Amino acid sequence: MEPFAVLALSLLIGALIFLISAAVTGSRRSLPPENSSNSNDEDSKVSNGVNERNAASKKQKLQRSRKEKLQQHVFTHPLLATTLKGHSANISCLDFSSNGKYLASCADDRTVRIWSTKDFLERDHRCVRANVELDHATHVCFSPDSRAFITWLANEETIRVFKMIKKDDGSFTFTAAPEDFAKKHKAPIVNIGIAETGKFIMSASSDTTILIWDLKGEVLATINTNQMNNAFATVSPCGRFVASCGFTPDVKVWEVCFIKSGEFREVTRAFDLKGHSAGIYSFAFSNDSRRMATVSKDGTWKLWDTDVEYKQQQDPYLLFTMKCNVSDPCRIALSPDARAVAISSGFNITVHSTKTGKQEEELLNVHGEEIAGLAFDINNRFLVSYGDRAIRVFHNVVGYRAVIEEMEGRLKKATTDAMRERLQQQINDAQSALEAVCTKKE
Ligand SMILES: *[C@@H]1O[C@H](CO)[C@@H](O)[C@H](O)[C@H]1NC(C)=O
Ligand SMILES: *[C@@H]1O[C@H](CO)[C@@H](O)[C@H](O)[C@H]1NC(C)=O
Ligand SMILES: *[C@@H]1O[C@H](CO)[C@@H](O)[C@H](O)[C@H]1NC(C)=O
């Protein structure tokens with residue numbers, strides 16, 4: 001009798017633990033069926049890679065593909081350049097490489113995929129796949145030299161570095177670094193990043209912690225953001241700043257300082273963006289960090305001039321405040337050249353000009369799941385969004401229009417032929433890009 005009682009009790013406890021952990025991990029994202037199977041099964045699947053030989057798994061696969069079809073979200077729009085398909089689970093993060101050649105995406109399907117940006121406008125889209133053994137990545141970020149990427153591991157709750165080695169035939173092999181970073185965070189992660197200078201890595205969790213690491217995985221500094229919680233945090237594209245937002249109505253920006261020889265010195269407060277009247281969902285930098293955009297629960301988004309001498313106590317200037325109807329989850333992206341802003345809320349995206357603040361484009365029901373994020377490519381040509389299994393790639397027509405308007409204004413004031421020629425070339429390029437989109441429309 002007694003052994004049975006013990007067995008029953010331990011089964012009950014086991015089931016309880018499983019239920020609790022499922023409730024915790026599954027609260028934000030529903031995992032696909034293949035990820036909720038027991039770990040032995042997972043191990044064999046990972047080591048076997050793609051070949052699932054027996055009939056049982058074939059049947060499983062069939063069911064899965066039927067389910068996938070059901071879940072596939074249909075979306076068309078004149079500004080849609082293409083849809084990148086390949087992931088078999090929801091995409092949680094993506095990143096463009098700074099050489100402009102690649103887009104990395106990661107999903108619950110245990111893979112990171114590297115897409116070639118060159119063929120966005122082609123019919124077929126090549127992507128190569130890196131497997132995340134026994135785990136999956138929730139965040140991905142390219143190294144500045146575009147030859148490695150870092151991932152945040154969902155189960156292990158730390159950073160793993162992958163090297164990308166280009167083979168003679170142009171494809172890649174991926175090698176994980178021998179050791180993952182030490183586990184330090186005590187709450188779920190909100191974002192990771194690598195400075196473009198190559199000097200540090202950042203990770204931020206949903207408590208008030210941001211960690212600054214060196215590239216080898218030693219912690220250089222711990223920041224307490226004091227914002228009740230962290231909703232979002234990022235490294236500025238110039239690699240100088242780290243910033244965060246959360247429950248309080250401000251964005252806090254720090255500078256990560258190094259001495260001339262390259263050694264880490266300190267993290268200092270740089271400036272704050274103050275003016276919203278409620279918590280901030282998300283914010284973004286332009287590529288030179290001279291502009292920032294914020295979107296808040298107060299129902300507005302703001303554009304800021306952050307090209308200031310903060311060491312002389314100069315504060316960022318608020319350029320304008322615009323109303324927007326947003327609710328959680330809400331994200332904002334600023335194009336690298338700061339000419340266009342995109343805001344996602346739920347399933348929808350709006351695109352705005354930063355010259356007037358006006359909404360110029362609206363994209364409704366873009367994904368089958370709520371939009372998890374948005375990004376512009378480094379050449380300001382495309383806006384990408386993700387949330388379900390697909391990546392939507394849109395033409396950045398708002399950016400093209402802004403270039404034409406701005407360059408036409410400058411052309412009138414140009415004083416030399418060389419200047420006029422250069423401006424005219426920029427106008428022609430943007431115009432032909434716009435025309436290509438418009439002819440596709442009809
Ligand atoms: C930022 O983007 C602009 C326009 O796309 C480009 O000319 C400039 O070199 C970029 N600057 C940095 C710091 O990357
Ligand atoms: C926001 O939503 C309200 C009601 O839902 C509507 O009256 C208002 O026009 C919307 N504002 C914008 C800027 O879309
Ligand atoms: C998305 O757009 C639809 C159609 O305008 C609207 O009904 C819905 O409320 C919007 N959702 C969000 C979260 O803005």
Side-chain angles (χ1 to χ4, degrees), residues 73-77 79 95-101 117 142-146 193-199 234-241 281-282 284-293 295-301 305-307 322-352 354-355 359-383 385 387-388 392 395-407 410 422-423 425-427 429-430 433:
H73 177 71
V74 180
F75 173 79
T76 56
H77 192 278
L79 298 188
D95 187 38
F96 283 102
S97 65
S98 49
N99 65 7
K101 287 186 183 172
T117 56
F142 273 110
S143 67
D145 64 4
S146 310
I194 310 183
E196 199 50 36
T197 54
K199 286 184 178 156
T234 191
V235 181
S236 67
C238 64
R240 198 171 150 200
F241 303 112
Y281 287 128
S282 170
F285 287 94
S286 66
N287 71 349
D288 55 10
S289 303
R290 290 159 73 181
R291 291 285 183 278
M292 287 180 76
V295 64
S296 161
K297 284 178 193 164
D298 66 13
T300 67
W301 71 274
D305 178 349
T306 48
D307 188 14
M322 298 300 284
K323 282 211 167 93
C324 58
N325 273 348
V326 289
S327 60
D328 207 17
C330 173
R331 288 277 171 257
I332 193 164
L334 184 55
S335 63
D337 64 6
R339 291 191 176 102
V341 158
I343 299 169
S344 71
S345 171
F347 301 87
N348 305 338
I349 301 171
T350 53
V351 193
H352 311 249
T354 55
K355 188 142 183 258
Q359 177 182 313
E360 292 194 6
E361 300 293 340
E362 188 175 39
L363 312 161
L364 299 177
N365 281 313
V366 179
H367 291 276
E369 306 273 343
E370 287 177 318
I371 296 166
L374 292 165
F376 286 92
D377 78 309
I378 68 154
N379 297 312
N380 308 291
R381 293 173 65 207
F382 301 110
L383 167 69
S385 66
D388 55 14
R392 306 270 184 224
H395 296 285
N396 179 17
V397 292
V398 173
Y400 293 137
R401 284 186 212 121
V403 167
I404 294 168
E405 196 187 321
E406 189 180 320
M407 299 307 156
R410 282 204 220 164
R422 213 186 54 233
L423 290 167
Q425 187 57 48
Q426 282 176 285
I427 294 171
D429 288 350

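Source: prediction; values computed, not measured. Ligands are counted one by one from 1 in listed order, and the atoms in each one are counted from 1 as well.
- Rounding to the nearest 0.5 Å gives a distance of 11.0 Å between CZ of R339 and OG of S286.
- The single protein non-hydrogen atom nearest to atom 11 (N) of ligand 1 is N287 ND2, 3.0 Å, given as residue, atom name and distance.
- One finds the OG atom of S282 at 5.0 Å from the CZ atom of R331 (value rounded to the nearest 0.5 Å).
- L364 CD1, 3.9 Å is the protein heavy atom nearest to atom 4 (C) of ligand 3.
- With S345 contributing its side chain and S327 its backbone, the two residues share a donor-acceptor pair below 3.5 Å.
- Looking at N348, T350, V366, N365, it is N348 that brings a heavy atom closest to atom 8 (C) of ligand 3.
- Protein heavy atoms are found inside the 4.0 Å sphere centred on atom 14 (O) of ligand 3.
- In summary, R291 and D305 engage in a salt bridge, as defined by a charged side-chain N under 4.0 Å from a carboxylate O.
- Between the choices D377, N380, V403, D337, the shortest heavy-atom distance to atom 5 (O) of ligand 1 belongs to N380.
- Salt-bridge formation is not detected for the pair E406/K355: no Lys NZ or Arg NE/NH1/NH2 atom is positioned less than 4.0 Å from an Asp or Glu carboxylate oxygen.
- Separation of atoms CZ (R410) and CD (E405) is listed at 12.5 Å; rounding is to 0.5 Å.
- Within the listing of ligand 3, atoms 13 (C) sit less than 4.0 angstrom from a heavy atom of S327.
- For atom 2 (O) of ligand 1, the nearest protein heavy atom lies under 4.0 Å away.
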